[in-house]
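Labels below follow one simple rule: chain letters A, B, ... track the order of the sequence lines, proteins then strands, and each chain is numbered from 1.
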Number of protein chains: 4
Amino acid sequence: MENGLSPLLNPRKSPRQERSIATVDAIFEATIQVLSSDGLIGLNTTRVARRAGVSVGTLYQYYPNKQALLFAVLERHLVVLAAAIEKACDENLTARADELAEAVVKAYLRAQMAQAEVSPALYRISLELDARALIDMATRRSVTAIGAALASAIDAQYADPHLVAQTLTAALFGTVPAFCHRVLAPADGREAEKQLTIMFRSYLAAHQSGVSGS
Amino acid sequence: MENGLSPLLNPRKSPRQERSIATVDAIFEATIQVLSSDGLIGLNTTRVARRAGVSVGTLYQYYPNKQALLFAVLERHLVVLAAAIEKACDENLTARADELAEAVVKAYLRAQMAQAEVSPALYRISLELDARALIDMATRRSVTAIGAALASAIDAQYADPHLVAQTLTAALFGTVPAFCHRVLAPADGREAEKQLTIMFRSYLAAHQSGVSGS
Amino acid sequence: MENGLSPLLNPRKSPRQERSIATVDAIFEATIQVLSSDGLIGLNTTRVARRAGVSVGTLYQYYPNKQALLFAVLERHLVVLAAAIEKACDENLTARADELAEAVVKAYLRAQMAQAEVSPALYRISLELDARALIDMATRRSVTAIGAALASAIDAQYADPHLVAQTLTAALFGTVPAFCHRVLAPADGREAEKQLTIMFRSYLAAHQSGVSGS
Amino acid sequence: MENGLSPLLNPRKSPRQERSIATVDAIFEATIQVLSSDGLIGLNTTRVARRAGVSVGTLYQYYPNKQALLFAVLERHLVVLAAAIEKACDENLTARADELAEAVVKAYLRAQMAQAEVSPALYRISLELDARALIDMATRRSVTAIGAALASAIDAQYADPHLVAQTLTAALFGTVPAFCHRVLAPADGREAEKQLTIMFRSYLAAHQSGVSGS
DNA sequence: GATGAATGAGGGTTCATTCAT
DNA sequence: GATGAATGAACCCTCATTCAT
């Protein structure tokens, strides 16, 4: 919240506020569009404003600076991802570990795909200075949710569910973008999902039986 | 610490050439330093030149433009990573799958750690336009090496070693940076290595026995 | 002193547009001044902007690059010249050839003199790459106008009025600058006009009688 | 001479001097070649040196700076033109005026054509600061030579042969380049020569009969 | 004398941000 | 509140010229 602006959460609004909100949204969407079509490098405030159908001045009335714009977009992206993982975990609180693995992988990938347009550009942003806080937020939520689900899994005990959750989160937030960026060339989404699911399932299984390598 | 520029590998060199090589190297190292300390956004040719102790003009005598500078750094990084993986695979061509998994994870992480200074910044570069080719090169080498090692593994058959190799490569090139960037906060390198090894081993084991999920 | 930029001829304009127009004109005039005082080599966008009393950024809001600036100035110069010749021809469509010669020479010289400040510098521009199109435009207009006037001249027939028109145009656009640039040192404008008129008249007379040399 | 350097005239030379002369010539020719192929804008000292097969340092040993290089080329060009005109005049000292006209036009055009490669670029140079002196030299020689020839022409008296000579010189040095630069599109050299000759002849004839316009 | 690596001032251009209207 | 013209610092890059070797 302190990082930039997140004006997306006010419940009640006056007519004037409604217009404001429409404007904020227009700018927000324009940012995503410009990001998709021109990339991070091609994104500048003038372009965003034009695409949003407002003037630069107006843009600066709602977002204090360019970073805030990008942070807002990145934030929503990460919030959506985190929420998807949380939902999958909540729905599998008392499921078997392999069902959990499948659910989490599917949820994450579905959320990613839904925002496929922007995500490449967003990864650029997220690596820029100070997005740390946002990413921490998202991964923390993911780790917490997965950890809780593991702790309550019906079929197994984990020595360190937090550690396992961290690993899965890292693999999720790390590997998937790698898949996306055609590291895995022929990998249509389905195949990626399948392989990741296998990997997660077997990793969880390994931890259940207490194997701890090296 | 070779030299980072292809056409400079001649064995005999005049004093003048030596000076050139020293300069190229200085610029190359300065790029890494500036990247580490100021980030990709804070990197500009003037700063790099100053840090290298040369003038901008000199910089442009050896690198045609700013991108070339960044590419050179990224290229060396990726080449080192790919070579490390290849070496690990070669040395485990007739080993068991779990030994291979351990070796590859270890090799990759060691190589990463050795270049820890730069790697955060490099991931920024690699997401910029046109680094595609370099990344393709590195991942292709990784996939090929791992695939070959799997095909010749002593203890198992894989229905699709290439696919498995691709997945591991993606997990490697994707997850590890995520680990690095404190997705996994308390994860010291050791722990990351341990968990990744477990994950890889179990994933390979899953494929050996023919489990294919979903 | 119109405005030098095509899309600004709208009759009604807001205060903001007026400011814009004033700015464009200021930049345009500044370009001419800098060209006159510092020459083509000494002209740079910073200097032009400063002389116009605006910032470089503003300059680039109205002219996409330095060339565009120079082209705008050159274009207006050539348009004025071409218009002057056309007017002289139109007014002498049914005159005698010697009257036409006199009128054309006088019109061209008058137009030149009126812009004497810039013309030296402009000839530098016109020799740079891609001014071809502008010069073609101007000479084409001149050739067409003179050709038409010759074809309708009351006292003579020309075997090839187009060729004659081309020659006169070349002599006009070529010789006069040479005069200007003190090839003809003591030649005040009057004398140049007189001699050129004689030359054109006699050249036309030679063609009337069908003499075709060599 | 004072403008830059003209090291082309030393009659006797030691072996060392011979090598020097070879170098100077190589640089000189390289300048012309670069001028022809890359234009004035594309000409820089490094390129010239490379084309000459020497180092920049060497170039600067023979020419104090870039201007000197260009001046040398321009000077030779103008010297050749002036010499051609002088020769034509000398050979027609006691000829008829129309023969003189023809001879001068032909001589000038021949000389131009012989250097056609460079002349476009040279006109760019000649318009840059301080080529004034060189151009004055050439035109003065032309005016003097033509003036003398007119004064001794067998068939006519001229009230002011100097003025006539100046006009012809201006037309020559001015119109011809205009012809060259396709003001006169279909004008192959022959046609240009023919028309110019007609123009000069008739102009001279007009002056013979004492017509003085306006 | 010859070399070419090094210099660095200077040029063109961009763009985040401001502020008068 | 909205506008968009104006700003100017900062960036990338070039090239005439120098000088240690």
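- Residue T23(C) places at least one side-chain N or O under 4.0 Å from the OP1 or OP2 atom of dA6(F).
- Distances shown here put a side-chain N or O of Y62(B) below 4.0 Å from the OP1 or OP2 atom of dA6(E).
- A donor-acceptor contact closer than 3.5 angstrom is absent between the side chains of Y62(B) and T23(B).
- A straight line from CZ of R50(D) to C1' of dA5(E) spans 14 Å, rounded to a whole angstrom.
- Between A72(D) and Y63(D) the shortest heavy-atom distance is CB-CE2, 3.9 Å.
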Where do V73(D) and T31(D) land on the side-chain contact (heavy atoms from CB on, under 4.5 Å) test, with the steps shown first? CA-CA 8 Å; V73(D) 174; T31(D) 307; 3.7 Å; yes

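- If you measure from atom CD of Q61(C) to atom P of dG8(F), you get 14 Å, rounded to the nearest angstrom.
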Could you write out each protein N or O paired with an N or O of nucleotides 9-11 of chain F at a distance under 3.5 Å?
from    : atom 1 : to     : atom 2 : distance (Å)
dC11(F) : OP1    : N44(B) : OD1    : 3.3

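- The residue among N65(C) and T58(B) whose nearest nucleotide of DNA chain E is located toward the 5' end is T58(B).
- The phosphate of dT14(E) has neither OP1 nor OP2 within less than 4.0 Å of any side-chain N or O from Y60(C).
- A distance of 4.0 Å separates CZ of R47(A) from CG of D38(A), quoted to the nearest 0.5 Å.
- Distance I27(C) CD1 to dA5(F) P: 12 Å, rounded to the nearest Å.
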Where does DNA chain E pair, written as one dot-bracket string 5' to 3', with Watson-Crick or G-U pairs under 3.5 Å, ( ) inside the strand, [ ] for crossing pairs and | for another strand? .||||||||||||||||||||

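- Following rounding to the nearest Å, L59(A) (CG) and dC19(E) (C1') show an atom-to-atom distance of 16 Å.
- Judged as a side-chain hydrogen bond (donor to acceptor under 3.5 Å, both in side chains), and not counting sequence neighbours, S36(C) has no contacts.
- At a cut-off of 3.5 Å, with distance as the only test, a side-chain donor of S37(B) or R51(B) sits close to an acceptor on the other residue.
- The CG atom of L59(C) lies 11.0 Å from the NZ atom of K66(C); values are rounded to the nearest 0.5 Å.
- Dashed line: the shortest gap from a side-chain N or O of S55(B) to OP1 or OP2 of dA6(E) is not under 4.0 Å.
- Distance CD/Q61(A) to OG/S55(A): 8.0 Å, rounded to 0.5 Å.
- For the side chain to side chain contact (heavy atoms under 4.5 Å, CB included) criterion with L74(C), the lone passing option out of L134(C), L69(C), L35(C) is L134(C).
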